[in-house]
Each structure stands twice: as C-alpha cells, then as structure tokens.
Amino acid sequence: MQESDLQQNSGPAPEPIRIYVIGGFLGSGKTTALCALARHFAAKDKRCALITNDQTGGLVDTAVIQTQGIAVREIVGGCICARFHDFLKAADTLFQEYRPDVIVAEPVGTCSELIPTVVEPLKKHTGERYTVMPLTVLVDPVRQLAMDGDSEIQNRETWPDDIRHLYESQFLEADLLVFTKRDAYDDKTFNLSEERVRMCYYRKTGREPRTHQISAKTGQGIEDWLAALDDLAESPHAGSPISMEKDRPRFARAESQLGWINIKASCNTNVRVGTGTCDLAALAQGILHRVDDLLGDRLIAHLKIFAEDDRISLRAGLTHSGGSVTLEPIERGDGRMLSSPVEGLRLIVNLRATGEPKEMAECIHRALVEVAAIQRIELEIERKDVLIPERPQPMVQIGGLGIT
C-alpha cells in the first residue's frame with residue numbers, strides 16, 4: 001500500500017470525550033445541574049450523556065433524566081469509587097452506543113476523596129478515550145449554613161458532628177466550588193455562606209477556594225461555570241490539600257447515621273373509586289409534606305418523588321426538614337395538565353435522612369396510604385429498598401488517602 005493511500009484512509013483521530021465529575025452532598029442540586037448541563041450542551045450541538053450513582057436502584061434522578069430523553073446509565077450498590085469498574089463500563093457503553101461529546105457523572109451524595117479514587121484513576125487509565133475535567137463540588141448555601149450551625153438561617157437543622165465533618169471534607173477537595181439555587185435564596189444567604197466556606201477552606205488548606213454561583217433551574221451561570229473549568233484544566237491539579245486518613249472512622253460513623261429508602265408504587269387498577277383521575281401535583285406535595293411531618297426530629301438530606309403515567313410526569317422535592325416543596329411538571333405526549341387518569345399511575349419515592357431506615361420506610365408507607373386515600377385512590381407498593389450504606393471501599397487509588 002502506498003503512503004498516500006495510508007494518509008487518505010487515516011482521518012484525524014477523534015477528540016477524547018470530556019468527563020465532568022460533579023460532587024456534592026445530598027440535596028445540593030446535582031441532578032438539576034446535570035440536566036441543565038445536558039440542555040446547555042444540546043444548545044451547542046454537543047451530545048451529552050449522564051451517569052447517575054446511588055446505593056441502590058429505583059432512583060428518581062434516573063427516571064427524571066430518562067423522561068427528558070437524555071442518555072443515562074445508572075451505577076448502584078455503592079459510590080463510583082467502590083464501583084470504579086462499573087463506572088468505566090457505563091462510560092464505555094455510552095461511548096459505543098451513543099457517541100456523546102460529553103459525559104457528566106454524579107457520585108453518591110456522601111462520597112468524599114473523589115480526586116484520588118475517581119478523577120486521577122480516570123486520567124491514568126482512560127487518557128486516550130476521555131479528557132477528565134477538574135472536580136466540581138456543589139454547595140447548597142442554606143444546607144451549608146445549617147451544617148455550620150447558623151441557627152438564624154436554619155434553626156431546625158442540627159446535624160450530627162460526623163455528618164458535618166463529612167460534608168466539610170467534600171468541599172475541601174474541590175477544584176471548583178459551585179454554590180447552587182441562585183434563584184431560590186437572597187444575596188445575604190449566598191454571601192454569608194460563601195464567606196463561611198472561604199474562611200474554613202483557607203483555615204484548613206492555607207489557600208483560597210475557587211468559587212462560582214449558578215441557578216441550574218434558570219440556567220444562570222452555567223456557561224461561566226464551564227468556562228471556569230476550562231481555565232482550571234489548563235493548569236495541573238495540585239492534589240487534595242489535606243490528608244483524611246485519620247478521619248476514616250468518622251466517615252464510617254457519618255454513613256451509619258443516614259438511612260436510605262427507595263420505594264416504587266403504582267395505582268391498584270382493581271380499585272374503581274372517585275372520579276377516575278388524580279391531581280398529581282396535590283398527590284406529590286401531600287406525600288412529601290406528610291412524610292416530613294411523620295419523620296419528626298429526623299433530618300432530611302433529600303426527599304424526592306417522581307410521579308408519571310403514560311402521558312405526563314412530574315418531579316417534586318424537599319431538601320430541608322420543614323422546608324418548602326419544589327415542583328417541576330414535565331409534559332409528555334399531548335399532556336396539558338396535571339390531572340392524570342388513575343390507571344397507569346406510577347410513583348418513585350427516595351428518602352435520605354438521619355434515623356433508623358425501617359422506621360422511616362414505615363413513615364413513607366403511611367404517608368402514601370393516607371394521601372392517596374384523600375385522592376380516593378389506592379396505591380400498591382411494588383418495591384421497597386431500605387438500607388444503611390456500608391463504608392465505601394475504593395477499588396483504585398492514586399495519590400491522596402482513600403477512605404477505606
């Protein structure tokens with residue numbers, strides 16, 4: 001074969017796919033941010049795929065992403081640091097089947113030490129296929145102030161010390177700290193939260209953090225966030241500024257103080273009562289408020305519900321005990337309202353909160369029964385996952401001190 005033939009047949013090598021790892025504590029807005037990034041990339045004619053991650057299946061997040069027509073893979077059974085091979089398999093499957101330009105990954109909300117156990121291994125083992133972007137950690141300003149013990153801002157949430165320490169460890173390793181929900185909180189809340197984080201970060205690391213603010217709901221700050229990551233990618237990562245080896249027992253205790261409950265339910269189609277329709281918004285909001293009431297003094301990290309039938313769907317959430325419910329209708333097909341036929345109704349409920357998980361699962365079950373009765377329907381539980389996560393065991397570690 002002539003040299004000219006080789007040159008003609010060998011086109012330019014494909015650009016590596018960018019991988020963005022987006023960390024942050026439970027309720028910080030990771031899934032909303034992932035969807036906002038997917039929309040942003042789509043507007044730029046870039047194909048974006050997502051990877052979600054949790055301790056068990058049946059995620060509201062994955063259901064919401066699938067409803068919006070975004071390619072997604074779900075990793076369950078532990079954080080992606082402990083399921084690193086599954087993470088690579090999910091990314092490679094998306095690479096082969098979907099050919100995305102960008103993959104955005106969302107680790108479990110209690111993951112820490114993501115740089116040595118996820119980011120750096122990705123760089124070492126997948127350099128030809130993927131370009132790994134600097135680590136973003138999302139911060140909900142109100143949650144941060146609650147963790148910081150600011151009773152004026154959030155006087156009902158007094159988090160256990162070990163969970164507060166885990167929370168702090170997450171933002172200390174971030175390449176970029178992104179404060180979320182800019183549309184929901186006032187300037188005072190944002191400024192106070194950012195000041196507290198800067199003080200803590202400097203006190204623990206001796207350097208200033210890089211920060212940014214966004215509203216994933218409105219899209220405010222998304223493009224500047226990505227530009228900031230592009231700038232950071234030009235300089236080598238300095239490594240995690242602190243050692244966390246001595247904190248391993250505390251992280252394990254923090255995990256043990258959080259219960260995880262995922263429940264799937266559907267309407268019992270044998271029941272023929274009421275008008276034959278259900279107000280999805282009232283149903284979802286009622287369930288979330290009733291669960292909040294029944295939990296009592298237990299602290300909610302996040303409480304989510306996804307409701308759908310064959311035409312329409314919606315997501316509702318509560319990220320603070322005693323807080324307000326956010327509601328996001330997602331129209332499907334020819335659906336034009338939230339009044340849904342009883343038959344075909346499906347629900348997914350996810351709760352992460354302090355307390356004994358079996359007792360909290362009973363709270364959810366009771367709320368489902370009571371609120372559905374008000375709507376004059378009957379819900380049937382199809383699946384119930386109840387657990388306390390085990391201590392993560394990273395599969396691969398490069399630099400730093402993994403949590404094992």
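Just so it is clear, the structure is predicted and the values come from calculations on it, not from any experiment. Quick note: numbers below take in every heavy atom, side chains included, and nothing from hydrogens, waters or symmetry partners.
- Looking only at distances, a side-chain donor or acceptor of Asn350 sits under 3.5 Å from a matching main-chain atom of Val60.
- With Thr180 contributing its side chain and Val139 its backbone, the two residues share a donor-acceptor pair below 3.5 Å.
- Under the 4.5 Å side-chain criterion, counting only non-hydrogen atoms from C-beta, Ile287 is in contact with Leu347.
- The backbone N or O of Leu177 lies less than 3.5 Å from no partner atom in the side chain of His212, so there is not a single donor-acceptor pair.
- The distance from atom CD1 of Ile22 to atom OG1 of Thr136, rounded to the nearest 0.5 Å, is 4.0 Å.
- Annotation: side chain of Lys124 is not in contact with side chain of Glu120 (no heavy-atom distance under 4.5 Å).
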Before you tell me yes or no, could you show the steps for Arg182 and Asp187 under salt bridge (Lys or Arg N to Asp or Glu O under 4.0 Å), namely the whole-Å CA-CA distance, both residues' side-chain angles and the distance that decides it to 0.1 Å? CA-CA 9 Å; Arg182 195 64 186 86; Asp187 290 341; 2.4 Å; yes
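- Contact annotation: the side chain of Ile263 approaches that of Ile381 to within less than 4.5 Å [non-hydrogen atoms, C-beta and beyond].
- Salt-bridge formation is detected for the pair Arg129/Asp92: a Lys NZ or Arg NE/NH1/NH2 atom is positioned less than 4.0 Å from an Asp or Glu carboxylate oxygen.
- Of the inter-residue distances, the one linking Cys267 atom SG with Leu283 atom CG reads 10.0 Å to the nearest 0.5 angstrom.
- Gln213 and Glu194 form a side-chain donor-acceptor contact under 3.5 Å, judged by distance and modelled atom types alone.
- At least one side-chain heavy atom of Gln375 sits under 4.5 Å from a side-chain heavy atom of Asp279.
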Residues Arg18, Asp230; criterion salt bridge (Lys or Arg N to Asp or Glu O under 4.0 Å); working and verdict: CA-CA 11 Å; Arg18 288 191 171 195; Asp230 286 339; 2.6 Å; yes
Evaluate the criterion side-chain contact (heavy atoms from CB on, under 4.5 Å) for residue pair Met199 and Val197; output intermediate values, then yes/no. CA-CA 5 Å; Met199 290 172 58; Val197 168; over 6 Å; no
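- Put simply, CZ on Arg250 and CG on Leu166 are 10.0 Å apart, with the number rounded to the nearest 0.5 Å.
- In this structure, Asp162 contributes its side chain and Arg253 its backbone to no donor-acceptor pair below 3.5 Å.
- Looking only at distances, a side-chain donor or acceptor of Glu173 sits under 3.5 Å from a matching main-chain atom of Leu114.
- For His365, the NE2 atom sits in a loose shell: 12 or fewer heavy atoms of surrounding residues, nucleotides or ligands are nearer than 6.0 Å.
- Closest of all the heavy-atom pairs between Leu138 and Ala33 is CD1-CB, 3.8 Å.
- Below 30°, between 30° and 60°, or above 60°: for Phe171 and Tyr167 the angle between ring planes is above 60°, a perpendicular geometry.
- Remark: Glu370 engages Arg366 in a salt bridge, criterion side-chain N to carboxylate O under 4.0 Å.
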List the steps, then state whether side-chain contact (heavy atoms from CB on, under 4.5 Å) holds for Leu351 with Leu295. CA-CA 11 Å; Leu351 171 65; Leu295 288 176; 4.1 Å; yes
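- No side-chain donor from either of Ser112 and Gln170 sits under 3.5 Å from a side-chain acceptor of the other.
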Determine whether Thr354 and Gln257 satisfy the following criterion, side-chain hydrogen bond (donor to acceptor under 3.5 Å, both in side chains), listing intermediate values before the conclusion. CA-CA 6 Å; Thr354 58; Gln257 292 167 345; over 6 Å; no
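- For the pair Arg99 and Phe95, the cation-pi criterion (under 6.0 Å, within 45° of the ring axis) is fulfilled.
- Cys35 is listed as a side-chain neighbour of Ile65, based on a closest heavy-atom distance under 4.5 Å.
- Aromatic ring pairs are classed by plane angle as parallel below 30°, tilted from 30° to 60° and perpendicular above 60°; the pair Trp159 and Phe25 is perpendicular.
- The CD1 atom of Ile75 sits 5.0 Å away from atom CD1 of Ile51, with the distance rounded to the nearest 0.5 Å.
- A salt bridge is absent between Arg73 and Asp86: the closest approach of a Lys/Arg side-chain nitrogen to an acidic carboxylate oxygen does not fall below 4.0 angstrom.
- Cation-pi contact between Arg47 and Tyr98: present, with separation from the ring centre below 6.0 Å and deviation from the ring axis of at most 45°.
- Using a cutoff of 4.0 Å between basic side-chain nitrogens and carboxylate oxygens, Glu223 and Lys44 are scored as salt-bridged.
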Evaluate salt bridge (Lys or Arg N to Asp or Glu O under 4.0 Å) for Arg315 paired with Asp61, printing each intermediate quantity in order. CA-CA 9 Å; Arg315 172 179 59 178; Asp61 297 348; 5.2 Å; no
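- No side-chain heavy atom of Leu59 sits under 4.5 Å from any side-chain heavy atom of Ile348.
- Distance check: Arg383 CZ to Asn262 CG gives 7.5 Å after rounding to the nearest 0.5 Å.
- Other residues, nucleotides and ligands place no more than 12 heavy atoms under 6.0 Å from the CZ atom of Arg210.
- Ion pairing between Asp148 and Arg164 fails under the 4.0 Å rule for side-chain N and carboxylate O.
- Side chain to side chain, Thr52 and Glu106 fail the donor-acceptor criterion of an N or O pair below 3.5 Å.
- Side-chain atoms of Thr211 and Arg198 form a donor-acceptor pair, as typed in the model, at a separation below 3.5 Å.
- Between the side chains of Gln144 and Ser193, at least one donor N or O sits under 3.5 Å from an acceptor N or O.
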As a quick check of understanding, evaluate side-chain contact (heavy atoms from CB on, under 4.5 Å) for Glu328 and Leu314, giving each step before the final call. CA-CA 6 Å; Glu328 180 186 351; Leu314 65 86; over 6 Å; no
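- Taking every heavy atom of both residues into account, Val108 and Cys79 meet most closely at CG2-CA, 3.9 Å.
- Ion pairing between Asp101 and Lys46 fails under the 4.0 Å rule for side-chain N and carboxylate O.
- The two residues Ala216 and Ala36 have their closest heavy-atom pair at O-CB, 3.5 Å.
- Closest heavy-atom contact between Leu176 and Ala228: CD2-CB, 4.1 Å.
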Any chance you could lay out the salt bridge (Lys or Arg N to Asp or Glu O under 4.0 Å) test for Glu382 and Lys264, step after step, and finish with the verdict? CA-CA 6 Å; Glu382 296 182 344; Lys264 285 187 175 182; over 6 Å; no
For the pair Asp186 and Thr189, evaluate side-chain contact (heavy atoms from CB on, under 4.5 Å) and give the outcome as yes or no after the intermediate values. CA-CA 6 Å; Asp186 58 21; Thr189 300; 2.8 Å; yes
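- Separation of atoms OG (Ser215) and OH (Tyr185) is listed at 11.0 Å; rounding is to 0.5 Å.
- Taking each heavy atom of Ile261 and Ile364 in turn, the nearest pair found is CG2-CD1, 3.7 Å.
- The environment of Lys217 atom NZ is sparse: at most 12 non-hydrogen atoms of other residues, nucleotides or ligands sit within 6.0 angstrom.
- Nearest heavy-atom pair across Leu135 and Gly23 is CD1-N, 4.4 Å.
- Seen from the ring of Tyr201, Arg207 does not count as a face-on cation partner, given the 6.0 Å and 45° thresholds.
- Cysteines Cys111 and Cys81 are not disulfide-linked, with SG atoms at least 2.5 angstrom from each other.
- The pair Glu356-Arg298 does not meet the salt-bridge criterion, since no charged nitrogen lies less than 4.0 angstrom from a carboxylate oxygen.
- Between Asp140 and Lys30 there is no salt bridge, since none of the side-chain N atoms of the basic residue sits less than 4.0 Å from a carboxylate O of the acidic one.
- Contact of the Tyr20 side chain with the Val132 side chain is not registered, since no non-hydrogen atoms from C-beta on lie closer than 4.5 Å.
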